[in-house]
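Worksheet: the structure to be examined is printed underneath.
Atoms considered below: every heavy atom in the structure, side chains included; atoms not considered: hydrogens, waters and symmetry mates. As the structure is a computational prediction, the values presented were derived from the model and not from experiment.
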Amino acid sequence: MAKAKDLTGKTFGKLEVLHRSPKRSKSGRAVWVCRCECEAITEVESHHLLSGSTISCGCARSDAGKAMQQYNKEHLIKDGVYTHLLTSKVRSDSKTGVKGVTITKNGKYQARIAVKNQHIHLGLFNTLEEAAAARKEAEEKYHKPLLEDNNE
């Protein structure tokens, strides 16, 4: 096996390499003891440092998640509703091709809509067109006001 490069003192993202650990990874690679900018100490395999796949002790992922939550709260959530989901496409496994419309065991079409974690039953219909029309009407009533408020 090739001798590992000395990474002591080098910085990879938020990690500064302190010294080589006496441990080896399961695959036999060198492991380095690193200090993160947040002061946490962590051990990282050399190839994770060199490839850039590990750039922190995990705090970078946490920071990115918090930033995303803040963005969503400011731009995509209205009255507790994640408005992006209101305009999402029909699921690829939909048997009807219409969002919020399913086929029941007896062959009827059931239309539903969800608003603020409340599922509203719109009815059972004999045709897909009737169910789709009911769903569209409900979207106008329940979703459109939230989308208009969000676009302002």
Side-chain angles (χ1 to χ4, degrees), residues 5 7 10-17 23-152:
K5 293 179 187 175
L7 303 179
K10 294 193 180 347
T11 301
F12 300 90
K14 293 183 170 199
L15 296 174
E16 178 189 358
V17 179
K23 299 178 188 174
R24 284 205 170 271
S25 69
K26 289 180 181 178
S27 60
R29 292 189 168 108
V31 175
W32 297 88
V33 177
C34 303
R35 177 184 293 120
C36 188
E37 286 179 3
C38 71
E39 299 299 321
I41 303 294
T42 187
E43 293 185 345
V44 184
E45 291 183 35
S46 56
H47 74 281
H48 289 301
L49 292 169
L50 295 169
S51 71
S53 64
T54 301
I55 59 168
S56 75
C57 65
C59 66
R61 179 176 291 181
S62 175
D63 293 345
K66 288 176 186 170
M68 180 64 75
Q69 285 177 338
Q70 186 62 34
Y71 177 85
N72 289 347
K73 186 176 180 181
E74 292 172 5
H75 300 284
L76 299 176
I77 296 176
K78 174 68 178 167
D79 291 336
V81 177
Y82 187 49
T83 58
H84 177 73
L85 295 177
L86 301 181
T87 58
S88 63
K89 295 180 180 179
V90 178
R91 289 176 44 133
S92 62
D93 63 349
S94 171
K95 291 186 175 27
T96 64
V98 179
K99 190 173 177 183
V101 177
T102 57
I103 301 174
T104 64
K105 289 180 182 177
N106 64 5
K108 299 252 185 198
Y109 294 90
Q110 179 182 28
R112 298 176 60 145
I113 193 165
V115 182
K116 298 181 185 179
N117 290 328
Q118 296 286 328
H119 292 274
I120 301 168
H121 175 73
L122 302 173
L124 291 174
F125 303 90
N126 292 322
T127 67
L128 177 59
E129 292 76 21
E130 291 173 325
R135 169 62 190 213
K136 184 77 171 163
E137 185 180 316
E139 286 177 5
E140 290 285 323
K141 180 179 177 181
Y142 296 109
H143 291 175
K144 191 174 181 180
L146 294 169
L147 292 170
E148 287 174 348
D149 287 347
N150 205 46
N151 289 333
E152 292 175 357

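- Ion pairing of K141 with E137 is absent here, as no side-chain N (NZ or NE/NH1/NH2) approaches a carboxylate O to less than 4.0 Å.
- For the pair V90/T96, no side-chain contact is recorded, criterion being any heavy-atom separation below 4.5 Å from C-beta on.
- With contacts defined as side-chain heavy-atom distances shorter than 4.5 Å, the pair D63/S56 does not qualify.
- Atom NZ of residue K95 and atom CG of residue L128 lie 14.0 Å apart, to the nearest 0.5 angstrom.
- Residues A134 and L122 approach most closely at O-CD1, 3.9 Å, considering heavy atoms.
- Under the salt bridge (Lys or Arg N to Asp or Glu O under 4.0 Å) criterion, the residue pairs touching residues 43-55 are K23-E43, with sequence neighbours excluded.
- Nearest heavy-atom pair, V31 versus S25, reported as atom, atom and distance to 0.1 Å: CG2-N, 3.6 Å.
- What you find for A111 and A131 is that their closest heavy atoms are CB-O, 3.7 Å.
- In this structure, the separation between CG on L15 and NZ on K10 is 15.0 Å, given to the nearest 0.5 Å.
- K136 NZ to H143 NE2: the interatomic distance, rounded to the nearest 0.5 Å, is 11.5 Å.
- Rounding to the nearest 0.5 Å places CG of L7 at 4.5 Å from CZ of F12.
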Could you walk me through whether Y109 and L124 pass the side chain to side chain contact (heavy atoms under 4.5 Å, CB included) test, one step at a time? CA-CA 5 Å; Y109 294 90; L124 291 174; over 6 Å; no
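- Test E130, K108, R135 against F125 for side chain to side chain contact (heavy atoms under 4.5 Å, CB included) and you get one pass: E130.
- With rounding to the nearest 0.5 angstrom, the CZ atom of R91 is 11.0 Å from the NZ atom of K99.
- Here the straight-line distance linking atom CZ of R35 with atom OG1 of T42 works out to 12.5 Å at 0.5 Å rounding.
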